[in-house]
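Chain naming here is simple, since letters A, B, ... match the order of the sequence lines and numbering starts at 1 in each. Bear in mind the structure is a predicted one, so any value in this text is a computation, not a measurement.
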Amino acid sequence: MDDSDPTMQTLADLHNAGEIDLLSIVTRETIQPFKGQVFWGGQQVYRALISRLQASAESLLGTVQILIEIGGQDMAAGMPVEEFSKWCGADPTRPRELLNLVDRKVPNADRFLTIAIKQGVLVDRPYFLDRAFAFLAGGSDMERQASINALGQVACASDAEWDRLIAAFTDLQLAEDAIRAPLITAITRQMKDAPENRWQELTALGIVIVQQLGDYTLDTAARTLAFDAKHLPDAFVEALLSSLQSINGANKGTVEILDIAMMKLVQLGQADRARTFLEPLLRRDDDRIELGALDSLCYQLRDTGGQALEDWVVAWLLDGDYDLGRAMNDALFGAGSDKFVFNVDFSRFALRDDDFSYVARKAIATFFLKQSVVASLLVSLLRSASAEAADAIVELLIDPVLINYAGIRDSYLAPIAADAADPAQAAVQKALAGQDDYLEGLQAIGIVPELHPSERERQLEWQRHSDSMSEAWQAARKKSIFASIATESLILYGTRAVSWFKDRDEEARRIETQMGSVSTSFEVPRIDIVDPMGLQMMLMQFRSEARPE
Amino acid sequence: MKLIFRQYLASLRERRELDAVVPDLLSELRYTVTSRPSIGTRQYGVDVAALSPPDTEGKRKLYLFSLKQGDLTRPDWDGTPQALRSSINEIIDVYIPTRVAKAHRKYDIVICLCFGGDVQEAVRDNVTMFTNGLTRDGLSFEEWNGDYLAGLLVEGVLREQLVRSELRTTFQKAVAMVDEPEVSFTHFAALIRALCATTDTTPRQRTTILRQLSICLWVFFVWARDTGNIEAPYRASERALLHAWRLIRDDIGRTGKASEEAGIAYADLVDLHFTIWDALIGEKILPFVDKQHAISVAVNSAASVDVNLKLFETLGRVAMRGLWHLWSKAGTALLPDVRSDWASPEAADLAQQVVQLIRNNPILITPITDEQAVDIGVALLFLTMVAPWQPAARNYVDALIERTSLAFRTHNRYPTIHSDYRSLIDYPRERTDEYRQAQTKASTLYPLLSIWATSIGESQGAAYLPKFFAKFMGHCNTQFWIADAATETGFYVGETQHGASLGGLPITEDGGELMTILTAECAPSKAFLELSAIRLGHWPILALACRHYRLPLPPDLWIGVIKAMRDSRTLDGAASGRKRRPAAGKAKSGLKRK
């Protein structure tokens with residue numbers, strides 16, 4: 001039922017005529033049994049009705065409060081509040097009526113003080129502003145927060161009002177965390193339409209407030225960056241970012257908002273800013289933030305691609321800290337990145353000769369299991385490297401890249417070796433020749449059955465492998481979204497399933513489902529089988545290598 | 001059974017392979033072999049000469065055998081100096097007038113044309129006409145083809161009175177399953193055990209058993225070679241040497257014809273082991289040791305543990321052959337020693353190949369089970385005995401120390417006390433300190449590495465290992481296995497209830513404490529010195545038994561080599577006016593790949 005449905009108006013009219021009482025039937029006990037879709041359906045009806053009802057503020061407040069509480073953490077839980085605000089603004093007596101409830105300390109009334117002040121200012125500006133500032137000075141925490149919220153949304157009409165507002169906010173700049181958090185929001189809102197001189201005052205005040213830190217403050221700082229960053233002065237953005245270096249990783253909600261803030265920075269073309277902000281967070285010893293927790297940022301970076309992604313990757317490879325490299329590998333190049341290919345113009349980075357092979361080693365250490373990523377970074381380096389630096393990269397392209405991943409030859413390197421216009425052609429040809437030598441050596445020995453594991457050993461290993469795959473499959477299944485929404489039907493034989501179902505008319509219908517297969521494959525690095533410790537040592541060595549001076 | 005032997009004879013590839021069988025066969029048929037095949041000396045057409053046993057009239061004949069592998073074809077018959085017709089002419093023109101001993105001239109002579117296969121129809125008439133034309137009083141011709149030889153082997157050497165029918169079945173099963181080495185070897189090992197498990201035998205009877213073993217092993221080997229997989233015969237040849245040693249150990253060193261014959265039969269068995277080694281290691285492995293990862297990849301498995309186990313086994317086999325080479329040049333030395341020049345190009349080549357094998361198959365620097373200490377021990381002993389290769393031994397020890405300690409620190413396939421395949425394929429199952437401690441409660445590898453590192457000089461691992469132990473391995477009982485009075489009884493046939501564990505060995509920077517303990521324990525080790533392999537100067541048998549049955553080499557075997565190294569360092573230090581100390585600092589990286 002949408003808001004314009006005639007039933008809505010009929011219900012409102014019946015209630016307003018006293019024929020029915022829509023509010024008395026909403027109690028915690030009556031609403032509690034309704035869950036999920038049924039609850040939200042009912043909540044929508046009330047949301048649409050609230051502004052149309054003739055009722056006392058107290059009774060309506062009670063109903064709105066119950067709907068909010070039962071809605072819980074859902075984003076839609078607060079929707080009735082907006083309608084309550086409309087209700088309050090629809091009659092000039094209602095803001096005062098609501099304010100009276102606050103004064104009478106009616107339970108939960110203080111939660112709606114912001115509405116009362118906002119709507120009241122439209123009716124009696126001096127009275128309601130006085131009351132708001134009075135609450136700032138001597139109200140309860142809830143009253144102060146609500147008043148700050150309201151004052152953040154009331155545009156100042158004169159210098160006097162600006163002075164009064166800034167003075168009141170300044171008085172609160174060292175207040176407790178829960179008060180400073182709404183102050184930041186209020187200041188940010190006021191900044192939008194503030195004149196130049198007030199803008200600067202608000203910025204200075206905002207910086208001082210955010211520097212006090214605190215969980216609520218930092219959460220609000222993250223929200224401000226995520227949703228209001230566009231019109232904020234750069235100094236304030238820097239202050240917000242700086243304070244967010246103290247973010248508490250246990251506050252998952254704040255981290256999620258920070259993720260959105262970082263994503264927005266990338267969208268605004270400020271990927272470098274996001275990267276330099278995140279670096280300390282990703283490598284701090286205590287309470288480290290994982291890049292994987294910032295999935296919106298990672299998606300945005302991959303989606304943006306181009307120089308933003310390249311700059312990010314090259315910067316962290318040059319930095320050489322494996323904490324950053326690992327984070328990048330896991331979060332930016334997770335599942336499905338196996339085929340990702342870079343084409344980085346390294347001439348943009350003014351690398352020294354020594355840096356080329358250093359970056360190549362870091363690329364290997366960071367993305368070792370992603371052969372396309374590694375090979376394409378090395379080839380990109382070859383396109384800009386001097387002859388001397390190229391030799392070292394060619395060696396790395398042979399060992400460990402090509403001797404581990406023979407498959408990358410056909411899928412990526414062979415076309416480059418055949419392309420006379422590609423600056424990396426000669427070097428890639430050399431690398432492929434090196435791979436040929438290696439493979440020739442491997443094939444020279446031929447089949448030596450004496451070295452093969454015995455049938456018993458093969459069986460045992462196969463069993464172990466099967467068990468391990470089965471465990472992995474079951475673990476993956478537990479996390480599968482499809483498994484949770486689909487019903488399971490096991491097909492024992494055949495390549496398609498035929499079933500008869502009865503529809504609503506009890507008529508049997510034949511459903512035939514063709515079965516398909518889903519498979520995936522990946523190339524296991526050869527050295528992980530023939531020299532696993534050697535491989536580990538090499539990667540450890542590459543990972544710990546410092547950038548040449 | 002006869003078909004197996006027929007096929008075996010037809011499959012012999014080289015003449016020397018037939019040479020190896022015919023004399024034993026004749027001996028068992030009660031011929032008196034007077035001339036055996038030899039290489040390098042001219043034999044004027046005769047490969048084997050033997051006096052037949054007396055016939056029903058008590059008459060004996062002198063048989064002159066000219067051997068030919070495979071079928072007799074036209075080119076084999078005539079047209080080249082090596083052709084059979086030329087050989088017969090040489091026998092008549094030269095051998096009979098000049099080489100037949102005076103005492104044998106009274107006997108009629110039979111020139112016996114002996115083939116692994118058959119006379120091809122194309123030359124049948126030529127052979128018949130030629131031999132008929134030469135036949136006269138006192139000189140006749142016989143043909144022993146593959147079918148006839150097979151009959152002699154089955155009905156003679158392996159006749160049922162000597163080899164029970166169930167053992168013949170076991171042998172047939174071994175041959176039938178030759179492409180599944182584990183099963184095949186199990187059957188052949190049962191045959192070896194049964195043949196050798198005799199008591200109260202005469203030297204002559206023991207010699208017969210050795211010949212039976214030898215012939216069975218030959219047949220087994222040739223069949224396996226035809227199927228392309230000689231793993232089972234290789235293992236069987238090691239097992240046969242060990243069981244045979246226990247059987248004839250009392251004959252070794254004794255005078256007397258029968259004992260000497262037993263000694264010769266044992267030497268033939270050792271030669272057969274080397275022939276199989278050549279066919280497996282020499283032909284299939286060693287030519288590829290210079291190829292990076294080639295041998296590792298040839299294991300053809302996606303499981304690293306398979307590569308690990310096979311490569312250490314291979315290392316042990318290669319190095320073991322090196323020890324045999326050195327022993328053969330060691331004269332009367334009872335125990336291994338160090339020399340700068342062994343005058344053994346074969347040993348020098350093998351040392352080079354051992355190093356290449358390790359360099360190009362670096363999984364050999366990462367033992368996964370403590371049991372592999374025996375393969376490492378054999379390799380280190382071999383390289384160290386050849387003084388110019390001691391730096392390679394040192395590099396190997398350093399690399400082993402570096403990698404095994406890193407593996408331990410990173411919970412990644414560090415050497416475990418367990419060695420069964422089922423445990424190893426899933427190893428390590430946990431990455432907890434408790435699990436790691438349980439897996440490393442004891443070690444023979446670390447004290448071996450420690451004593452080698454501290455003795456060989458300039459080892460970086462020598463200084464690092466004690467620190468590693470102090471920090472991580474306090475729970476580990478470092479130990480060696482030493483022989484005792486019970487060892488001799490069951491050691492060569494795989495019994496394990498003997499010997500002692502010399503434990504709680506100190507791992508120190510200079511190895512001095514450990515050396516003191518070893519010197520005290522080994523010097524009076526009467527039990528060790530009385531092991532037949534040591535007492536009779538055949539120490540490679542002891543090393544072989546250790547490797548085959550997966551026991552660590554006892555320190556008594558290599559303590560002399562260690563002392564020689566330490567003495568040499570002391571002398572060097574005195575000569576240069578300063579005592580060398582192991583360099584401290586970070587361990588050197590692994591052996592460099594060639």
Side-chain angles (χ1 to χ4, degrees), chain A residues 395 398-400 402-404 406 434-469 471 521-545, chain B residues 179-183 185 224 227-232 234-235 280-281 284-285 287-288 290-311 313-314 360-366 368 402-404 406-407 410 412-414 421-422 424-426 589-590 593:
Chain A
E395 288 300 315
I398 298 170
D399 183 2
L402 279 165
I403 71 169
N404 274 292
Q435 187 200 27
D436 286 339
D437 288 346
Y438 174 74
L439 292 177
E440 204 175 297
L442 292 190
Q443 286 153 7
I445 192 169
I447 295 169
V448 186
E450 291 87 346
L451 288 175
H452 295 179
S454 70
E455 190 57 32
R456 179 187 65 89
E457 289 167 341
R458 282 200 193 277
Q459 291 279 351
L460 281 169
E461 165 56 19
W462 181 85
Q463 189 61 50
R464 185 204 64 80
H465 183 72
S466 299
D467 291 349
S468 143
M469 286 292 116
E471 279 170 24
S521 65
F522 61 94
E523 194 172 357
V524 177
R526 191 194 310 274
I527 307 302
D528 196 35
I529 297 166
V530 299
D531 184 20
M533 269 310 293
L535 177 62
Q536 188 187 346
M537 282 177 70
M538 181 200 72
L539 293 177
M540 284 170 67
Q541 195 182 337
F542 286 2
R543 284 167 188 166
S544 60
E545 181 181 354
Chain B
D179 56 355
E180 189 41 65
E182 213 168 72
V183 181
F185 171 69
T227 63
N229 188 340
I230 52 178
E231 174 65 15
Y234 180 86
R235 286 196 226 172
L280 173 55
I281 307 293
K284 293 189 170 191
I285 305 290
F288 308 100
D290 62 339
K291 311 284 186 207
Q292 188 186 2
H293 301 151
I295 297 166
S296 301
V297 169
V299 174
N300 192 31
S301 169
S304 179
V305 65
D306 289 333
V307 181
N308 188 296
L309 295 174
K310 288 291 175 182
L311 265 288
E313 174 69 27
T314 302
N360 288 307
N361 298 278
I363 204 161
L364 285 170
I365 316 172
T366 321
I368 195 171
E402 184 186 28
R403 285 221 183 173
T404 50
L406 178 67
T410 56
N412 188 2
R413 300 175 206 185
Y414 44 91
Y421 186 77
R422 186 66 191 83
L424 294 178
I425 51 172
D426 203 15
S589 61
R593 193 181 300 133

Original post:
Is there a side-chain contact between B:R413 and A:M533, using heavy atoms and a 4.5 Å cut-off?
Top reply: no
Most contact-rich option vs chain A, by heavy-atom pairs under 4.5 angstrom, among B:V307, B:V299, B:T366, B:D426, is B:V299
Under 4.5 Å to a heavy atom of chain A? For B:N229 that would be both
Under 4.5 Å to a heavy atom of chain A? For B:T227 that would be neither
| Under 3.5 Å donor-acceptor, B:T314 side chain and B:K310 backbone | yes
- Backbone N or O of A:I403 within a donor-acceptor pair of the A:R526 side chain at under 3.5 Å? yes
So, the part of B:L311 with a heavy atom under 4.5 Å from chain A: the answer is neither
Highest number of heavy-atom pairs under 4.5 Å with chain A among B:A303, B:A302, B:A232, B:S304 belongs to B:S304
Polar side-chain atom of B:Q292 near backbone of A:G441 as donor-acceptor pair, under 3.5 Å: no
Of the listed B:N361, B:V297, B:V305, B:V183, the one with the largest count of heavy-atom pairs under 4.5 Å with chain A is B:V297
Sorted by chain and number, sequence neighbours left out, side chain to side chain donor-acceptor pair (under 3.5 Å) with A:E440 holds for none
Answer key: most heavy-atom pairs under 4.5 Å with chain A among B:L309, B:I230, B:D179, B:I295 is B:I230
Of the listed B:A294, B:S301, B:P287, the one with the largest count of heavy-atom pairs under 4.5 Å with chain A is B:A294
When the 4.5 angstrom heavy-atom criterion is applied to B:I425 and chain A, the contacting part is both
Interatomic distance, CD@A:Q463 vs CZ@A:R458, rounded to 0.5 Å, equals 16.0 Å
